[in-house]
Amino acid sequence: MPVKYNPQEIEKKWQQRWAEDRLYEVSENDSRPKWYALTMFPYTSGDLHIGHWYATAPSDVHARFKRMQGYNVLHPMGFDAFGLPAENAAISRGIHPFTWTMQNIDNMRRQLKSIGAIYDWSREVITCLPEYYKWTQWFFLKLYQNGLAYRGKAPVNWCPHCQTVLANEQVVEGFCERCGAAVSRRDLAQWFFRITKYADELMQHNGIDWPERIKLMQRNWVGKSQGTEISFALDHPGVDGKEIRVFTTRPDTIFGVTFMVLAPEHPLVAELVSTEKRAEVEDYIARSQRQTEIERLSTEKEKDGVFIGAYVVNRLNQEKVPIWIADYVLMGYGTGAVMGVPAHDQRDFDFAKKYNLPIRLVIAPPGWQEVELKEAYTEPGIMVNSVNFSGLPSQQGIEAISNFLEEKGWGKRMVTYRIRDWLISRQRYWGAPIPMIYCPNCGIVPVPEPDLPVLLPEDAEFKPIGESPLKYCEQFVNTTCPQCSAPAKRETDTMDTFMCSSWYLLRYASPNCDTAPFDADKLRYWLPVDLYTGGAEHAVMHLLYARFFIKALRDMGLVDFDEPFTRLFNQGVIIVERQKMSKSRGNVITPDEYVSELGADAVRAYLMFVAPWEKGGEWDDSGISGVSRWLNRVWNLVLEKYNPEYNPKDESKGHRELREKMEKDLTRIAHQTIRKVTEDMEKLRFNTMIATLMGFTGHLAKVKEARTISLSVWSEFIKTLLLLLAPTAPHLAEELWQRTGHEYSIHNQSWPECDEALARDEEITLVVQVNGKLRDRIMVSASITEAEARQMALERQRVKAYLEGKEIADIIYVPGRLVNLVVR
RNA sequence: GCCGGGGUGGCGGAAUAGGCAGACGCAGCGGACUUAAAAUCCGCCGGAGCAAUCCUUGUGGGUUCGAGUCCCACCCUCGGCACCA
């Protein structure tokens, strides 16, 4: 009996050996083609749970596969280390965010190492270290210099619990994405990135292999909308503006306008409001500002608003139209003003009903009998009540009205987007300080590059008061103006952590470069990322921001590619009791106990086997024993001596024929296995890959039992099995590789190649159907002709019974598969 | 409400140019080994039926020689967006 499989022992041993030998450190001086395989780096929450393994283990398997295929593989790992939880720990437990974060990193690094991945730890990146965030700040300055960062006052999303503003993407159904508190609105001066400049390009996903679902989500998020901007004439004493512009996708309904609605925040409201309406209007504005996002966005809520005592004129028919304000009109979209067409827009319809405003039908529904509308008719139709435009179908009407407006100079075709600029200011300590200075003489002055990084002070006080702790840190705030040397104040907000993760992929190319964010040559060598894997929850935030970043850098001439991630794959989510795993829910499953009981190889393989990678699912450890048993079988299969029963010197003819047949069968099955495993690896279909390897193991066990084939053929295919297993169970494969007398390391071997000639089936199962129902199966030569197949099918006893007294109407033949006899 | 993914044995899941439904595993049942148990190995394992056979991929229709796979309608479920003018 060979020694027992002891995963703990061999895993520890090989991890040490690989680290000592720096087996997985990579360099750019390499003749092999490069492959950059990146897994989204984890946030430093403290512990790695099984969900982290689900993200990292399969991507390591694929990276190892590419490595064996002859690529120079960069597969780095690091930590997304700035963010709120660290600061909350400081507030609640008095631990400094830096200490908290670095302790967590130490633990997580240890856990990550236990996976046995090919991470090149010499390239580790940690975003909260000054060597890193110096360059985060540098990129901020670049964006500023290129007009892509600006300071603007805007109504922003405010989370009262986190005590900071949030980007639109971080507000989920009116609640804070992070803590779940109801978000309210505040008017604050904040820093923004002009992501809207790239809106069009961000909707395109040219030349990249991404899931359709994610591309669609991004397109919906950008939300491009073609329409027409229309000017309504304004003649109001004491107001300079002579028009109000609205945006509409339905200019064909312009003759149905019976009122105009402005957003409560619209700048013209204060100027236009009449004296007698002023109190009512101001009250309405105050009320709508106090509302939280959920109250305001509630679809249940009845639409309400206030007439402001002023009018505009619809230039097409010279009608005087009353101006209202209502919070269903959003300042941030279009022009912050809409024309009210109650007959053809449900919101306008509800509004008109409530305030008894006229509803004028201008698009006739098919077969309309001049009855009163019960709801808005929003489909296309034929224009009516529209003077000389009447009779046109909607689509032509849209074109005709737009042309007419453009000719008259009363409007123009335009495109609007749902996406807003990216708000990056956070009123918190644990982030990269925004490198800006406010000087009483010079205004906003960027910190000069040589003065970077703007370091976080170590002795800030952490109080949950809604302002950055930096604001009360005098030695941080007080500085001098880089331009005029007058006393000046630093910006005390820090950057959204998505800023840090927008460029980390670049840092891995040259993590220790201290003269620039990256070494341009190394960047050119490694980037873009060939395969990026991670959770779909980042579909519209991180992935959109990173794409924006790369496009901005490209336009600055800093990088020469358009897209950061050539191929994207989103693994599914592992849930527990129908909920996502998270520390706050207290339903975290840690891999450590499984690793110490069954070994990392078993956990790796089980996670891949349990479901298709993109699917994920409920965590259930009942099946892990099956995978563990399989690895044990592999161990015994390889190490228990193979004793062929024949003597090569005087083999009988009969035995030789049997042996050759079995060797041929094994060879064929081995090559079919290579083909299937390789295909599944490429498609990241790990569950069926493992099933295939299990099947191959089973076949080898039967062959061993028969003791017929030669030792050399046996050894050859045991070697194949180990090579195919190496990415999945790297420790086990390495140990068995060594114990079968091969030279260290299996992980430097080439991936086996399928020989199609050897993989070809010589015999196939021909299915015989009668009227589409399975009636018989025949083993036939793969080279069977159609005539032979028909003949054989008709002669089968089992089939004849079904043909009795019937007439054969047709015979369908599918080569290599079946014969279907159609009878009547 | 709109957009997208998905519904297959007791369970996780296989099967896509439309061609053998249930690969591979878990659980279960039976057997071998053992004083016994564990481990391991072998066999069975969608449902009904003594059987021939029939039924079976969320539901109902359709196309086809043939449908888990294509089309129409509906139900359930997961994810995204949600007053976007």
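Just so you know, these numbers use all the heavy atoms, side chains as well, and skip hydrogens, waters and symmetry mates. A note on names: the letters A, B, ... follow the listed sequences, proteins ahead of strands, and every chain is numbered from 1. The shown structure was predicted, so the numbers you read here are calculated from the model rather than taken from an experiment.
- Nucleic acid contact class of A:R775 (heavy atoms, under 4.0 Å, all strands): sugar-phosphate only.
- Taking a cutoff of 4.0 Å between a charged side-chain nitrogen and a carboxylate oxygen, A:K800 and A:E804 do not qualify as a salt bridge.
- For A:T248, counting side-chain heavy atoms from C-beta on, the closest listed nucleotide (B:C65, B:C54, B:A85) is B:A85.
- Here the side chain of A:Y54 pairs no donor or acceptor atom with the backbone of A:A57 at under 3.5 angstrom.
- With a glycosidic angle no further than 90° from 0, B:G9 counts as syn.
- Nucleotides B:C70 and B:C84 have their P atoms positioned 33 Å apart, rounded to a whole Å.
- Across B:C20, B:C26, B:A85, the shortest atom-to-atom separation from the side chain of A:Y333 is found for B:A85.
- To the nearest whole angstrom, the two P atoms, one in B:G47 and one in B:G10, are 7 Å apart.
- Note: CH2 (A:W630) to P (B:U40) measures 16 Å, nearest angstrom.
- With hydrogens and angles ignored, no donor-acceptor pair closer than 3.5 Å exists between the side chain of A:E618 and the base of B:G12.
- Of the side-chain N and O atoms in A:R219, none sit less than 4.0 angstrom from OP1 or OP2 of B:G80.
- Nearest to the side-chain atoms of A:T249 among the listed nucleotides B:A85, B:G19, B:A27 stands B:A85.
- The separation between A:Y802 atom OH and B:U53 atom C1' is 7 Å, rounded to whole Å.
- B:C50 and B:G58 have their P atoms separated by 29 Å, with the value rounded to a whole Å.
- Counting any heavy atom pair closer than 4.0 Å across all strands shown, A:W221 reaches sugar-phosphate atoms only and no base atom.
- Of the two residues contacting RNA chain B, namely A:G223 and A:G772, the nearest-nucleotide position lying further toward the 5' end is that of A:G772.
- For the C1' atom pair drawn from B:C20 and B:U57, the interatomic distance equals 15 Å after rounding to whole Å.
- For A:Y328 and A:R347, the side-chain atoms include no donor-acceptor pair closer than 3.5 Å.
- Nucleic acid contact for A:F259: none, since no nucleic acid atom lies under 4.0 Å from a heavy atom of the residue.
- A straight line from CD of A:Q346 to P of B:C2 spans 13 Å, rounded to a whole angstrom.
- Judged by Watson-Crick or G-U wobble contacts below 3.5 Å, the nucleotide B:A32 has B:U40 as its partner.
- One can place CH2 of A:W619 at 15 Å from C1' of B:C11, the figure rounded to the nearest angstrom.
- The side-chain heavy atoms of A:T378 and A:H344, taken from C-beta on, include no pair separated by under 4.5 Å.
- Of all nucleotides listed (B:C24, B:G13, B:A82), B:C24 comes nearest to the side chain of A:F609.
- Using N1 to N3 plus N6-O4 or O6-N4 for Watson-Crick, or N1-O2 and O6-N3 for G-U wobble, each under 3.5 Å, B:C2 pairs with B:G80.
- Of all nucleotides listed (B:C84, B:C65, B:A21), B:A21 comes nearest to the side chain of A:L774.
- You'll find that the side chain of A:R629 is closest to B:A27, out of B:G4, B:C81, B:A27.
- A:V814 comes within 4.0 angstrom of a nucleotide base, judged by non-hydrogen atoms across all strands.
- Listed candidates were B:G13, B:G80, B:G19. Nearest to the side chain of A:Q769 is B:G19.
- Across all strands shown, A:R418 has heavy atoms under 4.0 Å from base atoms, whether or not it also approaches the sugar-phosphate.
- Counting only heavy atoms from C-beta on, A:L330 has its side chain closest to B:A85 among B:A14, B:C65, B:A85.
- Remark: B:G25 base-pairs with B:C11. Criterion, Watson-Crick or G-U wobble with two distances under 3.5 Å.
- For the pair A:D810 and A:M339, nearest-nucleotide mapping onto RNA chain B gives the more 5' position to A:D810.
- Annotation: B:U59 and B:A67 have their P atoms spaced 16 Å apart (nearest Å).
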(request) Kindly determine whether A:W613 and A:N687 satisfy side chain to side chain contact (heavy atoms under 4.5 Å, CB included), including the steps that lead there. (result) CA-CA 8 Å; A:W613 199 26; A:N687 57 330; over 6 Å; no
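- Against RNA chain B, the stretch residues 685-702 of chain A makes heavy-atom approaches under 4.0 Å through A:R685, A:N687, A:T688, A:A691, A:M694.
- With C1' as the reference atom, B:A14 and B:C26 are 15 Å apart, rounded to whole Å.
- Computed from coordinates, the A:Q579 CD to B:C78 C1' distance equals 14 Å when rounded to whole Å.
- With a cut-off of 3.5 Å on both pairing distances, the Watson-Crick or G-U wobble partner of B:G60 is B:C72.
- Atom name P, nucleotides B:A21 and B:U16: the rounded distance is 14 Å, in whole Å.
- Between the P atoms of B:C74 and B:C29, the separation comes to 46 Å (whole Å).
- Nearest to the side chain of A:L216, among B:C84, B:G4, B:A27, sits B:G4.
- Residue pairs meeting the side-chain hydrogen bond (donor to acceptor under 3.5 Å, both in side chains) criterion with at least one member in residues 219-231 of chain A, sequence neighbours excluded, are A:E169-A:W221, A:D200-A:K224, A:T228-A:S402, A:E229-A:R245, A:S231-A:E243, A:S231-A:R315.
- Backbone-only engagement by A:V822 is indicated by non-hydrogen atom pairs under 4.0 Å involving sugar-phosphate atoms exclusively.
- Open room surrounds CD on A:E9; 12 or fewer heavy atoms of other groups in view lie less than 6.0 Å from it.
- Atom CG in A:D350 sits roughly 14 Å away from atom C1' in B:A85 (whole-Å rounding).
- In this model, a donor atom of one side chain and an acceptor atom of the other lie less than 3.5 Å apart for A:Y284 and A:D304.
- A donor-acceptor pair under 3.5 Å links the side-chain atoms of A:T785 to the main chain of A:E788, judged by distance alone.
- With contacts defined as side-chain heavy-atom distances shorter than 4.5 Å, the pair A:L202/A:Y417 does not qualify.
- With rounding to whole Å, A:Y606 atom OH is found 13 Å from B:C24 atom C1'.
- Taking only side-chain nitrogens and oxygens, A:K303 never comes nearer than 4.0 Å to OP1 or OP2 of B:C83.
- When all heavy atoms of A:G535 and A:Q571 are compared, the closest pair comes out as N-NE2, 3.6 Å.
- Taking atom NZ of residue A:K676 and atom C1' of nucleotide B:C24, one finds them 11 Å apart after rounding to whole Å.
- Picking from B:G19, B:C83, B:C26 the nucleotide with the shortest atom distance to the side chain of A:D327 gives B:C83.
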